[in-house]
Amino acid sequence: MNRHRILWPLLAMLPIVAAVPGCGRPTPPPVTSPDTGHPERGAELIARYGCGSCHTVPGVDGANGLVGPPLTRFGARSYIAGELPNSAENLERWITDPQAVEPGTAMPNLGVDPIDAQDIAAYLHTLD
């Protein structure tokens with residue numbers, strides 16, 4: 001009988017402890033989706049810049065390259081190029097100047113302007 005009086009308050013606290021951030025396994029950096037940019041235009045730009053010659057990109061005709069990593073489920077990823085947390089701002093930075101982020105990377109600088117990078121990032125973040 002006394003055991004029930006002692007255990008019940010402890011059991012009642014379990015949902016609270018489980019909901020506390022930091023309990024359990026480490027949480028990866030949050031994946032953010034852009035609040036600006038035009039995803040539909042981004043898909044067109046991916047085709048125009050020729051990204052599909054190196055990457056497989058779902059939803060973009062002819063984007064079935066095997067040189068770079070497939071961009072399938074890109075929006076659900078935690079990191080960009082294993083270097084940057086996957087945010088719209090970081091992805092735009094990577095797209096406009098990948099060599100500045102990771103010198104020597106195989107990803108070429110394609111001369112993507114900031115507005116185009118914003119739209120491409122918006123599209124890639126829809127892929128989750």
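Here the structure is a predicted model, which means the values were calculated and not measured.
- The two atoms that bring Ala122 and Thr126 nearest to each other are O-CG2, 3.2 Å, heavy atoms only.
- Counting only residues at least two apart or on different chains, the salt bridge (Lys or Arg N to Asp or Glu O under 4.0 Å) pairs with a member in residues 117-128 are Arg41-Asp119.
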Anything under 3.5 Å between a donor and an acceptor, one on a side chain of residues 98-112, the other on a protein residue two or more places apart or in another chain? List them.
residue, atom, partner, partner atom, Å
Gln99, OE1, Gly104, N, 2.9
Gln99, NE2, Thr105, O, 2.8
Gln99, NE2, Met107, O, 3.0
Thr105, OG1, Met107, N, 3.4
Asn109, OD1, Gly111, N, 2.9

What side-chain donor-acceptor pairs closer than 3.5 Å can you find for residues 49-56, not counting sequence neighbours?
residue, atom, partner, partner atom, Å
Tyr49, OH, Asp116, OD2, 2.6
Ser53, OG, Gly50, O, 2.7
His55, ND1, Pro69, O, 2.7
Thr56, OG1, Gly65, O, 3.0

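- The salt bridge (Lys or Arg N to Asp or Glu O under 4.0 Å) analysis of residues 50-70, with sequence neighbours excluded, yields no pairs.
- Phe74 and Asn86 get closest at one heavy-atom pair: O-ND2, 3.0 Å.
- In this structure, CZ on Arg77 lies 7.0 Å from OG1 on Thr72, to the nearest 0.5 angstrom.
- Annotation for Trp94 and Ala81: closest pair CH2-CB, 3.6 Å, computed over non-hydrogen atoms.
- Taken to the nearest 0.5 Å, the CD1 atom of Ile120 stands 5.0 Å off from the CG atom of Leu45.
- For the salt bridge (Lys or Arg N to Asp or Glu O under 4.0 Å) condition, no pair includes a residue of residues 44-57, sequence neighbours left out.
- Ala121 and Glu92 get closest at one heavy-atom pair: CB-CG, 3.9 Å.
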